[in-house]
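See below for the structure under consideration.
Each chain gets a letter, A, B and so on, in the order its sequence line appears, and its residues count up from 1.
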Amino acid sequence: MNKSAISPTRQEDFPGWYQEVIKAADLAEMAHVRGCMVIKPWGYGIWERIRDLLDKEIKARGHENAYFPLFIPLSYIQKEADHVEGFAKEMAVVTHHRLEQRDGHLVPGGELEEPIVVRPTSEAIIGASMSQWIQSYRDLPLLLNQWANVVRWEMRPRVFLRTSEFLWQEGHTAHSTQQEAMDETIEMFGVYESFAQEVLCVPVVAGEKPPSERFPGADRSFSIEAMMQDGKALQAGTSHFLGQNFAKSADIKFLDHTGELCYAYTTSWGVSTRLIGALVMTHGDDDGLCVPPRVAPHQVVISPITRGEPVDADVLAYARKCSQGLFGSTYCSEPLRVKVDDRLIKSVDKKWQWLKRGVPVLVEIGPRDLEAGTVTFRKRTSFYQADTMKLDDFIVQVPNLLGEVQDELLDRARSNLESNILTDEIDLSAARAYLDQGNGFLLAKWCGDTACEVAFKEQAATIRCLPRDRKAKGTVCVVCSKPATTDAIFAQSY
RNA sequence: CGGGCUGUAGCGCAGCUUGGUAGCGCGCCACGUUCGGGACGUGGAGGCCCCGGGUUCAAAUCCCGGCAGCCCGACCA
């Protein structure tokens, strides 16, 4: 009888399962514009939680939010050579500014003298402002962040993972010294790492990107790499040390305390709606999504079991009493988010809906509970096992229940990550065979030569990052057997 | 951007070969019997058959061109 709610299952067809969960959990649907998605309330609610919590972390470190234009003059983009090369192939370009009737059709008219690109990222246009705002070392550091949409015309869109338009946060800072900019890069890198783990329950491998995977125009890039349940890596957040590259191209200069004119050092860092894709592929099961309580739009849903009988009114009142009892309680220093789902549909349908959406705790209240002064509830992590508790006890216990779900999700994900990182010292053919199966990460030594990365191309595997906290066994490069200079995580990736 | 597959009711699909009144299941609405693990019966609503051209007396069906989606590559903070 315990037929799973999602078909196909993860085992049968992981990409098919992913798309089905997106749909069944009411997160999003593809719009009829290439690669664009409509984010539905449950999905957007998760994004709002991510935004609100991360925004606090960003502001707590002295950054201020601002907003810069969606449109960037082509000439701004052109200033940084690597940046242009990195983004040129995926740019939406605006060339006209009106529509004209011609042969009964609307066609673009009024060609622009200079084409405008829709921002794929905002280094170029924010740099232009920075250059005007910064004159003295007293103007530094300049610590900005913006929440915005960006557009990248990717070849192969995938909902939440790689959409033509997506929502993100992009931090942009300018500093007077290299060290301070580097510290900033590492600081925000750390914020992402702990946010992923503590808030999203997504454990990650944190490390520096190899040169081939750097952000276009960056001197150094750092990323957090999460492992999806199919063993593939998902880059979940990046932080870049841009050196003086953008300062030179955007003319961001200041007079230091000795009166010398210097270029600033800049950084940028961001996370996007891709994090929702990470949540799905980290915590989803064959019954749908499991939303970590800290980012769940509703942490507790109370479903009154009504059957069109006189007792319904009392059941509903009892459900509201339960909801009100939770009012004023907190979890992680925030008021509980509780919803009474009093829609006039069958309670069993509500149960399946909330299972698929992944609400952390679902409470069902019926005439029996009313009579006994109890509630019946299920945690999403053990949904098929309902518990019954006195109402007063339940009200006290809810924060603990949420904590349990949060912990269970993290533990489960962490054990998946750790048990699927191959750390054996193996030779190239064994490494290839392992990566070809695509069931996890390989932690191995690397000589630092890009040519050795190419050896894994056939297996579609790349170096995801040079892990900060993990040491591979051995002393020689897994590919060429020359002395290794670093540890590296090899994996297939999204 | 190359190769393959697909586009018909909210969702999943049949019909297309061989052109001739638009179908099925789920869902939705109404009523009745049910009801704490996806109930059942009866009746009903709902379609520019992706878009634009062409062939034809006649196109969901044949031809051409687009657009969008999925899978595989290449590409990709």
Between [N] and [M], how far is it from one [atom1] atom to the other, in whole Å?
N: rC35(B); M: rC40(B); atom1: P; answer: 14 Å
N: rA9(B); M: rA22(B); atom1: C1'; answer: 10 Å
N: rC11(B); M: rC28(B); atom1: C1'; answer: 11 Å
N: rC50(B); M: rU8(B); atom1: C1'; answer: 10 Å
N: rG7(B); M: rG15(B); atom1: P; answer: 10 Å
N: rC76(B); M: rC63(B); atom1: C1'; answer: 38 Å
N: rC1(B); M: rA74(B); atom1: C1'; answer: 8 Å
N: rG38(B); M: rG25(B); atom1: C1'; answer: 16 Å

Given [options], identify the nucleotide with an atom nearest to the side chain of [X].
X: T238(A); options: rA77(B), rG69(B), rG38(B); result: rA77(B)
X: R274(A); options: rA68(B), rG36(B), rA77(B); result: rA77(B)
X: R368(A); options: rC35(B), rG36(B), rA77(B); result: rG36(B)
X: P15(A); options: rA77(B), rA39(B), rC71(B); result: rC71(B)
X: W352(A); options: rG38(B), rG69(B), rA77(B); result: rG38(B)
X: R156(A); options: rG36(B), rC70(B), rA74(B); result: rA74(B)

Hey, does [X] reach any base, or is it just sugar-phosphate, or nothing, if we go heavy atoms under 4.0 Å?
X: Y18(A); answer: nothing
X: S272(A); answer: base
X: A218(A); answer: nothing
X: D369(A); answer: base
X: R307(A); answer: base
X: E90(A); answer: sugar-phosphate
X: G270(A); answer: nothing
X: S347(A); answer: nothing
X: E170(A); answer: nothing
X: R378(A); answer: base
X: K350(A); answer: nothing
X: G35(A); answer: sugar-phosphate
X: P367(A); answer: base
X: F383(A); answer: base

**OP:** Report the residue (Q385(A) or F87(A)) whose heavy-atom-nearest nucleotide on RNA chain B is the more 5′ of the two.
**Re:** Q385(A)

**OP:** Using heavy atoms to find the nearest nucleotide of RNA chain B for V375(A) and K89(A) separately, return the residue whose nucleotide is more 5′.
**Re:** V375(A)

Using a strict threshold of under 4.0 Å (side-chain N to carboxylate O), is an ion pair present between [Y] and [X]?
X: R343(A); Y: D341(A); result: yes
X: R152(A); Y: E165(A); result: no
X: K379(A); Y: E404(A); result: yes

Please check the phosphate of [N] (OP1 and OP2 only) for any side-chain N or O of [X] closer than 4.0 Å.
X: K23(A); N: rG10(B); value: no
X: K351(A); N: rC35(B); value: no
X: R158(A); N: rC71(B); value: yes

Original post:
Looking at F383(A), is R378(A) sitting on its ring face, NZ or CZ under 6.0 Å from the six-membered ring centre and within 45 degrees of the normal?
Top reply: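 The answer is yes; both the distance and angle limits are met.
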
Original post:
Who is the Watson-Crick or G-U wobble partner of rG23(B), with both distances under 3.5 Å?
Top reply: rC13(B)

Original post:
Which base, if any, makes a Watson-Crick or G-U wobble pair with rC49(B), both distances under 3.5 Å?
Top reply: none

**OP:** Give the rounded distance in Å between these two atoms: CE of M155(A) and C1' of rC1(B).
**Re:** 6 Å

**OP:** Report the distance from atom CG of L362(A) to atom P of rG37(B), rounded to the nearest whole Å.
**Re:**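 Taking CG of L362(A) and P of rG37(B), I get 13 Å after rounding.
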
Parallel under 30°, tilted from 30 to 60°, perpendicular over 60°: which one fits the rings of [X] and [Y]?
X: F490(A); Y: F456(A); value: tilted
X: F394(A); Y: F377(A); value: tilted
X: Y192(A); Y: W269(A); value: perpendicular

Subject >> Donor-acceptor pair under 3.5 Å, R152(A) side chain vs rA77(B) base >> reply: yes

Original post:
F246(A) and H83(A): aromatic ring centres closer than 6.0 Å?
Top reply: yes

